[in-house]
S.K.: 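Could you have a look at this structure, given as structure tokens, before my questions?
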Amino acid sequence: MRAKRPLGVLVVLLAIGLLPASAVLAMHHPLVSDVVAAAQSSGMQCTPDVSQVVCTGFGPAPTDTYRTATVSPGSGPLDSVVTTVPAFLSRTSGGYFMDPNDQTWNSTIHNVGCDNASAVASYVASVASLTVLDTSIPPATVGECTMSGTLSSGSFDFSPMYVITSRTLPSAFATPTPTASPTPTPTPTPTSTATPRPTASPTATPRPTASPTATPSPTPKPTATATTTPATSVSPSASASASASASQSASPTQSATPEQTVKALTFSAEPSVPPGAPEHGVGGWPGSVPGAGDVSTKPVDLAGSAAAALLMLVAMGFIGELFNNTMESNYDRILAWWQQSWVGRVGRSLAGLFGGGAT
């Protein structure tokens, strides 16, 4: 029984010594593949691109909201995530709001890089509280990233949406410094008391180097200098120059100059315009349009034109007001039909290819 107690103490000491190593293995280091896995787990389809990955999908029923997540870069360490979800118009308050399922999804996606679930959820809730178009929440440091959010009014082909961006900080990729373990003090080794053995000094006297008795200075024997004379000297040949002169002087001369003749042109006189007839231009259109002096200024004609214009203005206003009231009353139903129709799906696919938002 006594032998087990030292063994238990040894296991505890070994676990304490491995704590710094476990801290190094538990570092954050978010990757693009981590965000893609989180998006795919929520039923989204992710398409890789050269410098980014675009994920698209729908939320759960009954709203079936259309969501997008653009992850940068295309692979490797995570740099940024941009998510979009639709903004719904409240019939009671008149402001916009974010679906609760979209809030939970946003928190899950952005927490991959930020690594602070409670802080990310709090920031997403502040963005969801925006009710006025083109307003935003100031950027803030949340966990291991910086987040920013806005309620965008979209554009001519995009409905209002909530846009949330998170950028990973360099601290997410830093390796924690392990706690240094105490270094054992080395035991001093005993110093040898033996007397060092003296080194024998050389007794041999270095032999002097013999110096040369005579330095030979040979006199260089003169050698005959060979003079090289070119066998032939290059000079222009008389025959070549003569032939060149002959070829240059023999230039072709024209024996006859061609004559140029101009064929006679016959012009026919245009028929004169009868008096009082309109002067027709290109296609006859300018002559068919009456000038400013030909417009009738009779009170009956002016009153008829004014009545027709007023009637058209009233009809257009009534039709526009009827369309606006119908659109506002059935906005949610029209938006749901548009998102589920094949036209809306094609539009969202094209918007995803160009990095746009959701409709």
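Computed from heavy atoms alone, side chains included, the values below leave out hydrogens, waters and symmetry copies.
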S.K.: Counting N and O atoms only, with roles assigned by atom type, does the side chain of Thr150 sit under 3.5 Å from a partner on the main chain of Thr135, one being a donor and the other an acceptor?
M.R.: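 It does hold such a pair.
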S.K.: Should the heavy atoms of other residues, nucleotides or ligands under 6.0 Å from CD of Gln45 be counted, would the total exceed 12?
M.R.: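 Atom CD in Gln45 is not crowded, with 12 or fewer foreign heavy atoms closer than 6.0 Å.
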S.K.: Looking at Val120 and Cys114, what are the two nearest heavy atoms and their distance?
M.R.: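 Shortest heavy-atom separation between Val120 and Cys114 comes out as CG2-CB, 3.5 Å.
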S.K.: Are side-chain heavy atoms of Pro73 and Val32 found at a separation under 4.5 Å?
M.R.: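 Side-chain contact under 4.5 Å: yes.
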S.K.: Give, for atom CG of Leu130 and atom OG of Ser152, the distance between the pair rounded to the nearest 0.5 Å.
M.R.: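 Rounded to the nearest 0.5 Å, the CG-OG separation comes out at 11.5 Å.
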S.K.: For the residue pair Thr68 and Trp105, what are the closest heavy atoms and their distance?
M.R.: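 That would be O-CH2, 3.5 Å.
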S.K.: Is there a side-chain contact between Leu335 and Arg333, using heavy atoms and a 4.5 Å cut-off?
M.R.: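 Not touching, per the 4.5 Å side-chain cut-off.
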S.K.: Find the distance between CD1 (Ile109) and CG (Asp34) and round it off to the nearest 0.5 Å.
M.R.: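 Between Ile109 CD1 and Asp34 CG, I get 11.0 Å after rounding to 0.5 Å.
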S.K.: Without swapping roles, check the side chain of Asn330 against the backbone of Thr326 for a donor-acceptor pair under 3.5 Å.
M.R.: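 Yes, Asn330 side chain to Thr326 backbone: donor-acceptor pair under 3.5 Å.
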S.K.: I'd like to know if the side chain of Asn111 reaches the main chain of Ala117, judged simply by a donor and an acceptor atom lying under 3.5 Å from each other, with no hydrogens or angles considered.
M.R.: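 Yes, the answer is positive, given that a donor and an acceptor are paired below the 3.5 Å cut-off.
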S.K.: Please tell me whether Leu350 and Val343 are part of a single hydrophobic cluster in this structure, the criterion being side-chain heavy atoms less than 4.5 Å apart.
M.R.: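 Yes, Leu350 connects to Val343 through the hydrophobic network.
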S.K.: Under 3.5 Å, side chain of Asp99 to main-chain N/O of Asn101, donor-acceptor pair present?
M.R.: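 The answer is yes, because a donor-acceptor pair under 3.5 Å joins these two groups.
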S.K.: Enumerate the side-chain hydrogen bond (donor to acceptor under 3.5 Å, both in side chains) contacts for residues 303-324, please, sequence neighbours excluded, ordered by first and then second residue.
M.R.: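 Of all non-adjacent pairs touching residues 303-324, none passes side-chain hydrogen bond (donor to acceptor under 3.5 Å, both in side chains).
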S.K.: Any donor-acceptor pair under 3.5 Å linking the side chain of Tyr162 with the backbone of Pro86?
M.R.: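 Flag not set: sc Tyr162 to bb Pro86 has no pair under 3.5 Å.
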S.K.: Search all heavy atoms of Val53 against all heavy atoms of Pro48 and return the closest pair with its distance.
M.R.: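 Scanning both residues, the minimum pair turns out to be CG2-CA, 4.1 Å.
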S.K.: Side chains of Met147 and Cys145, heavy atoms from C-beta outward: is any pair under 4.5 Å?
M.R.: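 Yes, their side chains come closer than 4.5 Å.
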S.K.: Could you state the interatomic distance from NE2 (His110) to OG1 (Thr168), rounded to the nearest 0.5 Å?
M.R.: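 One gets 10.5 Å once the value is rounded to the nearest 0.5 Å.
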S.K.: Only counting residues at least two apart or in another chain, list the ones meeting ring-ring contact (aromatic ring centres under 6.0 Å, His included) with Phe58.
M.R.: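 Phe58 satisfies ring-ring contact (aromatic ring centres under 6.0 Å, His included) with Tyr66 once adjacent residues are dropped.
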S.K.: Can you tell me how far the CE atom of Met44 sits from the SG atom of Cys55, to the nearest 0.5 Å?
M.R.: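 It is 5.5 Å, given to the nearest 0.5 Å.
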S.K.: For the residue pair Asn116 and Glu144, establish whether any side-chain heavy-atom pair is separated by less than 4.5 Å.
M.R.: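 They are not in side-chain contact.
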S.K.: Is there a path of hydrophobic side-chain contacts, each under 4.5 Å between heavy atoms, that joins Trp338 and Val346?
M.R.: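 Linked within one cluster.
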S.K.: Which heavy-atom pair separates Gln103 from Val124 by the least distance, and what is that distance?
M.R.: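 Heavy atoms of Gln103 and Val124 come nearest at O-CG1, 3.7 Å.
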S.K.: Search all heavy atoms of Gln52 against all heavy atoms of Ser72 and return the closest pair with its distance.
M.R.: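 Closest pair (atom of Gln52, atom of Ser72, distance): CB-OG, 3.9 Å.
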S.K.: Apply ring-ring contact (aromatic ring centres under 6.0 Å, His included) to Tyr96 and list each qualifying residue two or more places apart in sequence or on a separate chain.
M.R.: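 Partners of Tyr96 under the ring-ring contact (aromatic ring centres under 6.0 Å, His included) test: none.
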S.K.: Is the closest side-chain heavy-atom distance between Val35 and Leu78 below 4.5 Å?
M.R.: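 The answer is yes, as the side chains (C-beta and beyond) meet within the 4.5 Å cut-off.
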S.K.: Using atom types as modelled and distance alone, determine if a side-chain donor or acceptor of Thr146 lies under 3.5 Å from a backbone N or O of Val142.
M.R.: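 No; zero donor-acceptor contacts below 3.5 Å.
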S.K.: Honestly curious: do Val314 and Ile319 fall in one hydrophobic cluster under the side-chain, below-4.5 Å linking rule?
M.R.: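 No, because Val314 and Ile319 fall into different hydrophobic clusters, even though each may have its own neighbours under 4.5 Å.
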S.K.: Do Arg67 and Thr84 have side chains that approach each other closer than 4.5 Å (heavy atoms only, starting at C-beta)?
M.R.: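 No, too far: nothing below the 4.5 Å cut-off.
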S.K.: Using the rule that two of Ile, Leu, Val, Met, Phe, Trp, Tyr join whenever any of their side-chain heavy atoms come within less than 4.5 Å, decide whether Leu169 and Val71 are in one cluster.
M.R.: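 No; Val71 is not reachable from Leu169 via cluster members.
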S.K.: Using 0.5 Å steps for rounding, measure from the OG1 atom of Thr131 to the CE atom of Met98.
M.R.: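 Spacing of OG1 (Thr131) from CE (Met98) equals 12.5 Å.
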S.K.: May I ask you to decide if Asp102's main-chain N or O and Asn106's side chain share a donor-acceptor pair within less than 3.5 Å?
M.R.: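 Checking the backbone N and O of Asp102 against the side chain of Asn106, a donor-acceptor pair under 3.5 Å is found.
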S.K.: Does Ser126 use its side chain to pair, donor to acceptor, with the backbone of Tyr123 at less than 3.5 Å?
M.R.: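 Confirmed, Ser126 side chain pairs with Tyr123 backbone.
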S.K.: What do the steps show when you test Val82 against Val163 for side-chain contact (heavy atoms from CB on, under 4.5 Å), and what is the final call?
M.R.: CA-CA 7 Å; Val82 181; Val163 183; 4.0 Å; yes
S.K.: Would you say the side-chain atoms of Ser93 pair up with the backbone N or O of Ser90, donor to acceptor, closer than 3.5 Å?
M.R.: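 No; zero donor-acceptor contacts below 3.5 Å.
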S.K.: For a 4.5 angstrom cut-off between non-hydrogen side-chain atoms, does Asp134 reach Leu151?
M.R.: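 No - every pair of side-chain heavy atoms lies 4.5 Å or more apart.
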S.K.: Identify the heavy atoms of Pro160 and Leu133 that sit nearest to each other, and give their distance.
M.R.: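 Closest approach of Pro160 to Leu133, heavy atoms only: CB-CD2, 3.6 Å.
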S.K.: Would you say the side chain of Leu89 lies within less than 4.5 Å of the side chain of Phe97, judging by non-hydrogen atoms?
M.R.: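 With C-beta onward as the side chain, the pair stays apart.
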S.K.: Quick one, Thr83 with Val81, criterion side-chain contact (heavy atoms from CB on, under 4.5 Å). Give me CA distance, side-chain angles, the key distance, then yes/no.
M.R.: CA-CA 7 Å; Thr83 58; Val81 180; 4.0 Å; yes
